[in-house]
Amino acid sequence: MSSHLIVETTDSVELGRPRGREPVILQRALVLGLCAILIFAVLAFGAVEEWSTFAFEAGAAALFLLWAANQLFSEQVRLSTNPLYLPTFLFFGLILAQIALRRSAYGYVTKYETLQYVSYGIVLIVAAECVKEEHSRRLFAQVMGVFGVLYAFFALLQELHPNGKIFWVHSPHFTSAMIYGSYVNHNHYAGLMEMLVPIPLVLCTGHMFKGGKRALAGFCAVLMATTIFLSGSRGGMLAFILEIVLFASLAFGKKRNLRAALGSMAVCISILALLIFVGKGQVLGRLGDLGPGIRWDVTKDCSRMFSHRPVLGWGLGTFPTIYPRYRSFYTNLFINEAHNDYAQLLVETGLLGFGLMLWFLARLYWYGFPTSRRWESQWDGAMSLAALLGCTGILLHSFVDFNLEIPANAALFYVLCGLAASRPSTESSKPRRSRAIGNGEMGERLTSSDNGDLSAR
């Protein structure tokens with residue numbers, strides 16, 4: 001027993017000393033690597049083509065190895081009790097059951113989709129484990145915020161000077177008049193921006209930035225949000241409006257934060273003014289044309305597909321293979337997705353998968369909202385609120401589109417979920433200073449903290 005206490009004391013003393021910059025460098029490398037994978041997936045046409053999908057999955061595998069190396073280097077194998085891990089792992093088990101029990105209508109496709117799901121799980125874990133500290137969240141917010149505004153500026157230039165090609169040089173496999181940014185479908189660009197806009201929106205109304213930086217963050221939010229309307233995506237417009245309403249109600253309803261409410265109003269007015277300035281004010285008229293069209297017919301057909309395999313579903317990724325035999329209308333188009341992520345999930349994974357999805361979302365909001373209350377003055381709260389707003393927007397948009405079937409958007413969604421639901425380690429940083437070094441509990445607390453944070457003390 002005494003030797004055990006000596007080990008704990010020694011570990012505590014070593015962790016309390018400056019241990020060099022290696023853990024800090026690895027921590028930052030993980031955050032930057034996570035951002036790099038997300039940015040690459042977006043620029044690589046949403047990572048929907050075979051080469052880009054492979055590159056995204058390989059990047060996720062490399063990120064996982066780097067995270068494992070960081071764990072080994074710090075001589076601590078830590079895994080936080082993130083509330084999203086359990087439903088995520090159970091859903092993975094469901095997919096494996098579809099493959100093992102041969103319940104998938106197209107086993108090869110399900111195996112292929114499983115690799116993508118593993119990649120999503122990796123980025124979720126890395127986000128939840130490595131983007132918890134204040135400095136990590138600040139770095140992530142700054143990198144993704146800068147990328148968001150630069151990408152929006154590029155999309156605006158491409159909108160004003162189009163030639164039917166992505167980046168003015170790449171011709172998509174299928175001719176489309178809906179190109180926006182690096183996406184073939186404007187709805188998917190809008191889905192991406194729905195998740196990125198809340199970052200500068202929250203920062204420009206909080207206390208993290210002041211003066212010119214706050215104004216710059218506000219300008220970034222206006223420019224990024226304006227491109228959602230310029231893209232012409234009705235689902236994107238409604239999702240952004242929901243985000244603004246939710247943010248204003250949360251900010252003004254709890255603490256009567258008049259600045260946040262006025263800031264949200266100013267963003268909306270600025271968006272309208274910018275739309276009129278670039279001569280695109282008529283895009284708001286698309287909000288009046290909300291007929292569901294073919295989407296509603298596909299959703300009704302999904303109900304019949306579900307009734308034939310209600311428990312385990314047809315298999316992950318099998319919708320385009322199975323749907324033609326259930327289609328109730330004529331069309332010369334190939335319907336590769338249900339244009340309703342919820343209906344497609346129900347068809348492909350049945351009641352078990354749909355129930356796990358509801359459990360996942362319930363835990364996301366249950367554990368995310370308490371942290372987001374500190375959004376005005378702390379980076380963990382600001383990123384939690386921004387992540388929740390982004391997730392809410394894309395979840396609404398998913399009723400009428402298939403953003404979560406696009407690897408780039410799905411990966412960013414899972415990263416935001418991991419950020420929103422993770423418990424920041426700053427909550428337990430204060431008691432560590434007042435404990436004696438030789439205390440065993442103190443050793444446990446230090447072991448569970450971030451290496452970079454300890455090295456900086």
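Only heavy atoms go into these numbers, but all of them, side chains included; no hydrogens, no water, no symmetry mates.
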Show your reasoning for whether ring-ring contact (aromatic ring centres under 6.0 Å, His included) applies to Y189 and Y151.
CA-CA 10 Å; Y189 172 86; Y151 183 66; 5.6 Å; yes
Any chance the rings of [X] and [Y] have centres within less than 6.0 Å?
X    : Y    : answer
W379 : F209 : yes
F92  : Y85  : no
F91  : F360 : no
W51  : F56  : no
W359 : F354 : no

Please report the closest heavy-atom contact between [X] and [Y], naming both atoms and the distance.
X    : Y    : result
E159 : L230 : OE2-O, 4.3 Å
L316 : E113 : CD2-CB, 3.8 Å
G164 : P172 : O-CD, 4.1 Å
P200 : A217 : CB-O, 3.4 Å
N82  : A128 : ND2-CB, 3.4 Å
M193 : G148 : CE-O, 3.5 Å

Hey, can you pull the donor-acceptor pairs under 3.5 Å for the side chains in residues 403-413, sequence neighbours left out?
residue, atom, partner, partner atom, Å
N403, OD1, N409, ND2, 2.8
N403, ND2, H397, ND1, 3.4
N409, OD1, Y183, OH, 2.7
N409, ND2, H188, O, 3.0

If only atom types and distance count, is the side chain of [X] paired as donor or acceptor with the main-chain N or O of [Y] below 3.5 Å?
X    : Y    : result
W168 : H161 : yes
H186 : S231 : yes
T349 : L345 : yes
Q344 : A338 : yes

Neighbour count above 12 (heavy atom, 6.0 Å) for Y112 OH:
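Atom OH in Y112 is crowded, with more than 12 foreign heavy atoms closer than 6.0 Å.
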Counting heavy atoms not belonging to F153, are there more than 12 under 6.0 Å from its CZ?
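It does not: F153 CZ has 12 such atoms or fewer within range.
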Please check if any side-chain donor atom of [X] sits under 3.5 Å from a side-chain acceptor atom of [Y], or the reverse.
X    : Y    : result
T205 : R214 : no
T88  : Y120 : no
E243 : T392 : no
T227 : Y180 : no

How many angstroms lie between atom CG of L388 and atom CG of L416, to the nearest 0.5 angstrom?
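So the CG of L388 and the CG of L416 are separated by 9.0 Å.
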From CG (L34) to CD (E129), nearest 0.5 Å:
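It comes to 12.5 Å.
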Is there a side-chain contact (heavy atoms from CB on, under 4.5 Å) between L84 and F89? Walk through the geometry before answering.
CA-CA 9 Å; L84 302 183; F89 287 131; over 6 Å; no
Carefully, step by step, assess S398 and Y342 under the rule side-chain contact (heavy atoms from CB on, under 4.5 Å).
CA-CA 7 Å; S398 292; Y342 302 98; 3.8 Å; yes
Output, in order, the C-alpha distance, side-chain angles, deciding distance and verdict of side-chain contact (heavy atoms from CB on, under 4.5 Å) for R137 and S384.
CA-CA 10 Å; R137 295 209 164 195; S384 292; 3.1 Å; yes
Evaluate the criterion side-chain contact (heavy atoms from CB on, under 4.5 Å) for residue pair M208 and Q378; output intermediate values, then yes/no.
CA-CA 7 Å; M208 274 71 68; Q378 296 187 21; 5.8 Å; no
